[in-house]
Every structure is written in structure tokens, then in C-alpha cells.
Student: 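My questions will all concern the structure given below.
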Amino acid sequence: MSAIAVTDDLFFNRAGLDRGKSERTVAEALKGGDDGELFLEFNQSEALAFDDGKLKSASFDVTQGFGLRAVAGEAHAYAHASDLSDAALQRAAATVKAVHAGYGGTLAEPPQGTNRHLYSDDNPLAKMEFGAKVALLQEIDAYARAKDPRVKQVMASISGNWQAVQIIRGDGSRAADIRPLVRLNISVMVEENGRMETGSHGTGGRFAYELVVDPAHWRASVDEALRQAFVNLGSVPAPAGEMQVVLGAGWPGILLHEAIGHGLEGDFNRKKTSAFAGLMGKQVAAKGVTVIDDGTIHDRRGSLTIDDEGTPSQRTVLIEDGILTGYIQDRQNARLMGMKPTGNGRRQSFAHHPMPRMTNTIMLGGGHAPEEILKSVKKGLYAVNFGGGQVDITSGKFVFSASEAYLIEDGKVGPAVKGATLIGNGPDVLTKVSMIGNDMKLDPGIGTCGKDGQGVPVGVGQPTMRIDGLTVGGTAA
């Protein structure tokens, strides 16, 4: 069945909405405004967590509802409800109409449709029995503990999500999408001579459970979590000061996402609160730096066939060879800035309004082998994995903690270090990229991005790269 047929069945056959009445209500609510839509959502989700040899928690949830938005200039009104009924929709329409009372706008053209299909329609929650999921987590626990007697604790979780959405616009045009999402997380704690350290690894994407439950796949995830934990057992305090930093390929792209990606979102630039505001067409990064946001990669966690406004996702070049060439746009900010939407209008759920958000944000590869980059560093830090971090969009300043990092001495990777933080300014860091690897890699499918209280799944990716003159905060005396 097509996504339209599936969502018609969910919202108009099974729920309390009448399609004809809904379309007329939306048309009346948006008349006289600039834009807007009715966002209908049905969502099933589950999560199972195994800890200390037993099932610690298991949850299953079903939510459904609608969000109705009317846009007039820079203002918008939003009403939502979990009650899928004509009466609730009419009350929402009466509320949002107030934003364009006396305004007299012209309703924007709807997004172009697409026949592209980036992921399966399969519901992962229906493809694997509860008992099989519990057995999988037990097997993961047993495998990790059998690998090494130093393993003291194993935490494993599996989660799945199946989201069906339909978007109805004021002219009656409709778009729909069926979105699966799964994730497997593994964390281990090891102990040696009284010292305890942890390691973790996760994988996921827009597919059913088959991939993450494949023994070869989950065993590799356990092995990676154990490797990180044992590396940390031998770590020494991190040094502090300004030095050359080599970022590893893949997940370290989270620094790119946070420190640079958010600053390229349209709303921050329209309001001139981003460090990149007013720099379109200017050199903002070193030569060779090309950054894209690509929501069209098959099965990736951050990918979308259409965004939450109905616009097909796309591959948007943000920085090309160091030149700022584009912003991440939803419909409202794109219109106000005289630009085109890029398929980045995203929301956490029907209870949230859309705004410009990243999908899969990636720095493209260069011409250097990773070994060549490491050999070029006399003394520095090699950051392979990251934990938490924070960034100030206006100034671009960021602080990130490295969960796995090593000293580089005379071009060789030295001992692992603990407690390293990277401190810098996003736009400034881009200008200090001196070598870009040929090993561009995507993250394993675990990213979630927060903005204005909303969380959405995202992806990141980058090659190995060298940054000259980055401040490292350490714990060494």
C-alpha cells in the first residue's frame, strides 16, 4: 500500500476524522495567511532495557494526534490535540485563524511531490516477538561477560519506532510518509586493580530489527564497547593547552553538527543571531572544506523521504571549498529570506511546530590518507569518539568532551587519555582545518539533536581531519 493509502486508513477510516470536512476546515483556517498545514501523526514506539543480568524495563506506547499551523509573515499560530475528531480540528482552526486576521496574505504554493522511497514501510515492532527481543538482550549480556572476566556490568537496550504521517495543505494537496526507526545500545563496565571504566557502542537506522539483531552485527557492537572500556582502563590524564588536534572519521562529526551545523540553520541566520549571518558567498572555512546536509541517504537515521511540511528532502551544499553557499531551510524562513526550502522543516511530534533542523550533516573527504595526517603531527591529540557537548549559536563557542582520545607524539599514536575536552569557536575552527582525510565515514546511526525543547533523529559524518591550534582542556597536573 502507498503511504497515502496507509495514512488514509489510520486517520479517516479508523479514527474520527472525515477527510472532506478536514480538508475544508484546513482551507478555511489558512485562508488569508501565507502558509500552513495540518500535520497528522500515528506513532508506535517500544523500548526494552537489560541491566545487571535482568530485564530492567520494557515499554510500549501508541500516540496519535494532529497539529494545525497558520503562518502570516514572521508570525505563526499552532494548535494541537491528541483527539482526532472533526470537532477538535474545528476548535484548532478557530484558534490559528487569529494570526492572520486582517492580514490578507496569499497562500504559498505547495511543495512538489516525490515518488522517491528512502526506507522500508515495514513496522519493526510487528516483525519480532517480545520474547525474542528479551532473548536477544540476554544473549548480548552473556556474550559480553564471557569475553573477559574483568567485565562487571553489561547494559543493553533495543528500541523501535513506527511513525505514519500525513500532511494536508490549504489547497487540498496531500503528502504522506511511513518512517521506521530502530536502535541498539550496548554499554559495559570493566574493572582492573580497583579501577573501573566504561565503554559503549550503538547502531541504528530507518529499517526493521533484522539488521541490528544479526549475530555478526550485535557481536561487533559488543566487541567495540569492550574495546573502548579496555582502552580507558589504560588511559592517563589528558594534557591541557593549545595544540594540533586530529579528529577521527565518522561519529566525531557530531562536533561539526553542533558547532557549525546549527549556525547554518535558516532561522538563526534570518534573525542574525548566528555567527554565520550575512556571510553568504564569503570564505568561512579553509580551502577544501565542503559541508553538506543530505536527507536522501537510504536507510539512514537522519533521512526523510519528505520533511514534516511535506517538502522532499534533498542534498544541500552548505559550504563548498570553504565558501558559504547555503542554509538549512524550512518553508517559512526560506520565504522570508527569499530562498527555496531545502526539505529541513522538522518537528518532534504533532505537538510541536516545524522549524529548520539538520538531517545527515557531513563533511566530504579530501586527499590525505589518515596515516599521513597522524604522521604530520609532532605533538597533539587524536580524538576518536565524543560524549556530550554544548554550543552557543550566537558566538559559535563550543565545549565538547572526548570519550576516547590519544596523545600523538612524533607522528605516532601514543597512550589513551581521559578527561580531554575540546574548546573553540565553530567558524574559527573551520578556518584551521589543515588536512582532510580520504576516509569519510558516516556515524553508526545513534544521533538525536535537540533544539528549542524538541528532539529529532539525525546523522553525522566526516573524514579524519587535522585542526591546527585548538584548545584542549585536560586533567593532567
Side-chain angles (χ1 to χ4, degrees), residues 41 43 45 118-119 159 161 163 165 177 179 181-183 185 200 202-206 247 250-269 273-276 291-297 299-309 311 313-316 318-319 326-330 333 341-363 385-394 396-401 403 422 426 442-462:
E41 179 189 16
N43 191 65
S45 61
L118 298 178
Y119 30 77
S159 61
N161 196 77
Q163 181 192 40
V165 304
D177 199 15
R179 303 166 178 169
L181 190 68
V182 301
R183 179 168 169 173
N185 278 2
S200 62
T203 57
R206 292 201 179 278
L247 299 181
W251 179 242
I254 190 64
L255 189 149
L256 174 80
H257 168 103
E258 293 288 356
I260 297 156
H262 278 297
L264 297 176
E265 291 170 337
D267 49 354
F268 296 128
N269 286 277
T273 57
S274 166
F276 291 98
V291 179
I292 66 170
D293 187 84
D294 191 351
T296 70
I297 308 172
D299 296 336
R300 295 300 302 179
R301 181 174 171 86
S303 294
L304 295 168
T305 300
I306 57 171
D307 71 5
D308 294 327
E309 298 177 308
T311 305
S313 62
Q314 65 182 52
R315 182 183 187 272
T316 304
L318 304 170
I319 298 172
Y327 293 129
I328 294 164
Q329 296 284 16
D330 63 351
N333 286 282
T342 58
N344 291 89
R346 305 189 63 187
R347 66 184 96 200
Q348 179 174 310
S349 74
F350 69 87
H352 303 83
H353 66 85
M355 54 183 150
R357 306 291 299 273
M358 285 171 275
T359 56
N360 303 299
T361 309
I362 300 162
M363 179 183 287
N385 278 302
F386 282 94
Q390 53 187 328
V391 62
D392 181 274
I393 301 300
T394 302
K397 293 179 181 179
F398 64 81
V399 178
F400 273 88
S401 61
S403 57
L422 301 187
L442 298 174
D443 78 284
I446 58 174
T448 297
C449 172
K451 177 180 176 181
D452 289 351
Q454 295 191 39
V456 297
V458 296
V460 298
Q462 70 171 43

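This is a predicted model, so every value here is computed, not measured. The figures here come from the full heavy-atom set of this structure, side chains too, leaving out hydrogens, waters and symmetry mates.
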Student: Look at the side chain of Thr296 and the backbone N and O of Arg315, then say whether any donor-acceptor pair between them is shorter than 3.5 Å.
Tutor: no
Student: Just wondering, do Leu422 and Leu255 contact through their side chains at under 4.5 Å, heavy atoms?
Tutor: yes
Student: Report the C-alpha separation of Leu442 and Ile362 in whole Å, then their side-chain angles, then the decisive distance to 0.1 Å, and conclude whether the side chain to side chain contact (heavy atoms under 4.5 Å, CB included) test is met.
Tutor: CA-CA 8 Å; Leu442 298 174; Ile362 300 162; 3.5 Å; yes
Student: Hey, does the side chain of Asn360 reach the backbone of Gly302 with a donor-acceptor pair shorter than 3.5 angstrom?
Tutor: yes
Student: Are side-chain heavy atoms of Tyr119 and Asp177 found at a separation under 4.5 Å?
Tutor: yes
Student: Just by distance, with hydrogens left out, do Asn43 and Asn161 show a side-chain donor and acceptor under 3.5 Å apart?
Tutor: yes
Student: For the pair Glu265 and Lys451, find out whether any cationic side-chain nitrogen is under 4.0 Å from an anionic carboxylate oxygen.
Tutor: yes
Student: Can you list the steps and then say if Asp452 with Met355 is a side chain to side chain contact (heavy atoms under 4.5 Å, CB included)?
Tutor: CA-CA 10 Å; Asp452 289 351; Met355 54 183 150; 3.8 Å; yes
Student: Would you confirm whether Trp251, through its side chain, and Phe386, through its main-chain N or O, come within 3.5 Å as a donor-acceptor pair?
Tutor: yes
Student: Quick check against the 3.5 Å criterion: does Ser274 have a side-chain atom that pairs as donor or acceptor with the backbone of Asn269?
Tutor: no
Student: Within the structure provided, determine whether Leu118 and Arg206 are in side-chain contact (heavy-atom separation under 4.5 Å).
Tutor: no
Student: Could you tell me whether Arg300 and Asp443 have a side-chain N and a carboxylate O separated by less than 4.0 Å?
Tutor: yes
Student: Under a 3.5 Å distance rule, please check whether Asp307 uses its side chain to pair with a backbone N or O of Arg346 as donor and acceptor.
Tutor: no
Student: State, yes or no, whether a side-chain contact exists between Ser313 and Ile306 at a heavy-atom distance under 4.5 Å.
Tutor: no
Student: What I want to find out is whether Arg347 reaches Asp330 closely enough, with some N-O distance under 4.0 Å, to be called a salt bridge.
Tutor: no
Student: Give the intermediate values and the outcome of side chain to side chain contact (heavy atoms under 4.5 Å, CB included) for residues Ser159 and Val182.
Tutor: CA-CA 6 Å; Ser159 61; Val182 301; over 6 Å; no
Student: Test your reading of the model: is there a side-chain donor-acceptor pair from Glu258 to the backbone of Cys449, 3.5 Å cut-off?
Tutor: no
Student: Thr342 side chain to Gln329 main-chain N or O, any donor-acceptor pair under 3.5 Å?
Tutor: yes
Student: Sequence neighbours excluded, which residues qualify as side chain to side chain donor-acceptor pair (under 3.5 Å) partners of Thr448?
Tutor: Arg301
Student: Has Gln163 got a side-chain atom pairing as donor or acceptor with Arg179's backbone, closer than 3.5 angstrom?
Tutor: no
Student: Val291 versus Ile260: any side-chain heavy-atom pair under 4.5 Å?
Tutor: no
Student: Can you find a side-chain donor-acceptor pair between Thr316 and Gln314 that sits under 3.5 Å?
Tutor: yes
Student: Please determine whether side chain to side chain contact (heavy atoms under 4.5 Å, CB included) holds for the pair Gln462 and Leu256, giving the CA-CA distance in whole Å, both sets of side-chain angles, and the decisive distance to 0.1 Å.
Tutor: CA-CA 8 Å; Gln462 70 171 43; Leu256 174 80; 4.3 Å; yes
Student: Report the C-alpha distance between Asp293 and Thr361 in whole Å, list the side-chain angles of each, state the deciding distance to 0.1 Å, and finish with yes or no for side chain to side chain donor-acceptor pair (under 3.5 Å).
Tutor: CA-CA 4 Å; Asp293 187 84; Thr361 309; 2.9 Å; yes
